Undergrad: 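The structure's right below; bear with me while I get my questions together.
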Amino acid sequence: MAGHGCAKAALFGLCGVLLDQYGSVDEHGLHGKARAHRAVGLLFALGALTLAGLPPFGAGLGKALGEEAAGHALLPVFLLTSAVTGGALLRAAARIFWGAGRPPRTGPAGAETSGEGKEPEVREPRRSAHHPPTVVVPAVLLLLGLLVGAVPALAQSLGHGAELFTDQAGYPAAAGGGTAGGRTPGSGAVERAPLGWTAAGAGLGLASAALVCLPAGAALWWPSGAAPGRRASAVLVPLRRLHSGLVGDYLAWLVGDYLAWSAVGMAALLLAVALQA
């Protein structure tokens, strides 16, 4: 989580640089406009690869440990989600900082939401675009994410803290200042192997970082009139219409999803009790 948080915070900071320099964070509207800021683009692309699991960053180490704990059955899920997440960010970086892909064009009518009531993401820059962008903070955050995965002592320290936090026996004892049932704080933590990179974890991280090029390249250079592209648009356009950008709508979807899954869980519990009876 520490490495993942550093990478995401760095990407948010780089988006702030774009907003400061160009008054916009729209991927299509900034197509090729940030060619002069290649250093920002390189950091953005590095952040995309970091979220995909690039070794030896901390986000990649966390992904490798999760894959090891989940087993081989969930490896395709890890690879797919990493490729899609990193590919979307890498696609945006290629469009904005290198002008890659087809020039932006007007989308089909009704494919986009109106955004009524939403604060616009496009505005006039507050300052002149001639001043150099401030990339020190995003660069430091990426460096911290690198140290989390590359320095074994730091990873071990964070792992020990996580074990203490999830120790159900020792945590109440630590909060009460004593022991619970003769157990000292932290004694309930499960003994684990030292946290670090393995050959398999590093290989899967490199594979995930390489796979991000596939969805990014397809989004940038896939012919718009091809049959697979038309079928994908037919599926994605209704989903994009549901993304109104309004906090109230997203909250309604969140609450509805929670209630739906709660109903499914309650039904499964009642069914299990009925079968036991």
Side-chain angles (χ1 to χ4, degrees), residues 1-18 25 39-72 74-94 97 133-167 171 186 189-216:
M1 289 183 64
H4 188 87
C6 287
K8 291 188 72 172
L11 289 169
F12 274 114
L14 294 171
C15 288
V17 171
L18 289 175
V25 290
V40 181
L42 289 175
L43 289 176
F44 203 101
L46 181 60
L49 295 175
T50 299
L51 285 186
L54 179 69
F57 285 87
L61 178 58
K63 173 178 171 294
L65 294 174
E67 290 169 344
E68 181 180 353
H72 298 290
L74 292 179
L75 279 182
V77 177
F78 278 93
L79 291 174
L80 179 62
T81 54
S82 300
V84 172
T85 302
L89 294 168
L90 192 62
R91 177 204 66 208
F97 298 99
T134 304
V135 297
V136 175
V137 173
V140 169
L141 287 170
L142 288 176
L143 177 60
L144 290 176
L146 175 63
L147 294 177
V148 170
V151 179
L154 184 55
Q156 292 292 340
S157 177
L158 292 172
H160 179 65
E163 290 180 357
L164 292 178
F165 185 76
T166 57
D167 180 11
Y171 196 79
V190 178
E191 293 294 331
R192 294 181 175 87
L195 301 179
W197 288 99
T198 62
L204 288 172
L206 291 173
S208 297
L211 282 175
V212 302
C213 298
L214 294 180

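As the structure is a computational prediction, the values presented were derived from the model and not from experiment. Starting from 1, each residue takes its place in the sequence as its number.
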Undergrad: Do E67 and K63 have side chains that get closer than 4.5 Å, going by heavy atoms?
TA: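 Of all side-chain heavy-atom pairs linking K63 with E67, at least one is under 4.5 Å.
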Undergrad: Tell me the closest heavy-atom pair linking V212 and A52, and the distance in Å.
TA: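 Looks like CG1-CB, 3.4 Å.
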Undergrad: How many angstroms lie between CZ in R91 and CG in L89, if you round to the nearest 0.5 Å?
TA: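 If we round to the nearest 0.5 Å, R91:CZ and L89:CG are 8.5 Å apart.
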Undergrad: Should F57 and L49 count as side-chain neighbours, where that means a heavy-atom distance under 4.5 Å?
TA: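 With C-beta onward as the side chain, the pair stays apart.
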Undergrad: Please report the shortest heavy-atom distance between A93 and A45, naming the atom on each side.
TA: CB-N, 4.4 Å
Undergrad: What distance do S82 atom OG and L54 atom CG have between them, rounded to the nearest 0.5 Å?
TA: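 The distance works out to 11.5 Å.
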Undergrad: Would you say that F44 contacts P138 through its side chain, given a criterion of any heavy-atom pair below 4.5 Å between the two side chains?
TA: no
Undergrad: Could you tell me the separation between the CG atom of L146 and the CG atom of L61, rounded to the nearest 0.5 Å?
TA: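 With rounding to 0.5 Å, CG (L146) is 11.5 Å from CG (L61).
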Undergrad: Enter the distance from L75:CG to L80:CG here, rounded to the nearest 0.5 Å.
TA: 12.5 Å
Undergrad: Considering all heavy atoms of both residues, which atom of A7 and which atom of L142 are nearest to each other, and what is their separation?
TA: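 The answer is CA-CD2, 4.3 Å.
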Undergrad: Can you give me the closest heavy-atom contact between A202 and P55, atom names plus distance?
TA: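 For A202 versus P55, the nearest heavy atoms are O-CG, 3.5 Å.
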Undergrad: Restricting to non-hydrogen atoms, name the atom on G196 and the atom on L65 that form the minimum distance, rounded to 0.1 Å.
TA: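 G196 and L65 have their closest heavy atoms at O-CD2, 4.5 Å.
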Undergrad: Would you give the length of the straight line joining atom CG of L14 to atom CG of L141, rounded to the nearest 0.5 angstrom?
TA: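 It is 9.0 Å, given to the nearest 0.5 Å.
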Undergrad: Please tell me if the side chains of L18 and F97 come closer than 4.5 Å, counting only heavy atoms from C-beta onward.
TA: yes
Undergrad: Minimum heavy-atom separation for V148 to A155, with atom names?
TA: O-CB, 3.6 Å
Undergrad: Atom CG of L74 and atom CG of L79: how far apart are they, to the nearest 0.5 Å?
TA: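 L74 atom CG to L79 atom CG measures 11.0 Å (nearest 0.5 Å).
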Undergrad: Can a donor-acceptor pair be found, under 3.5 Å and without considering hydrogens, that links the side chain of W197 to the backbone of A150?
TA: no
Undergrad: Looking at S208 and L204, would you say the former's side chain and the latter's main chain have a donor-acceptor pair under 3.5 Å?
TA: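 Flag set: sc S208 to bb L204 pair under 3.5 Å.
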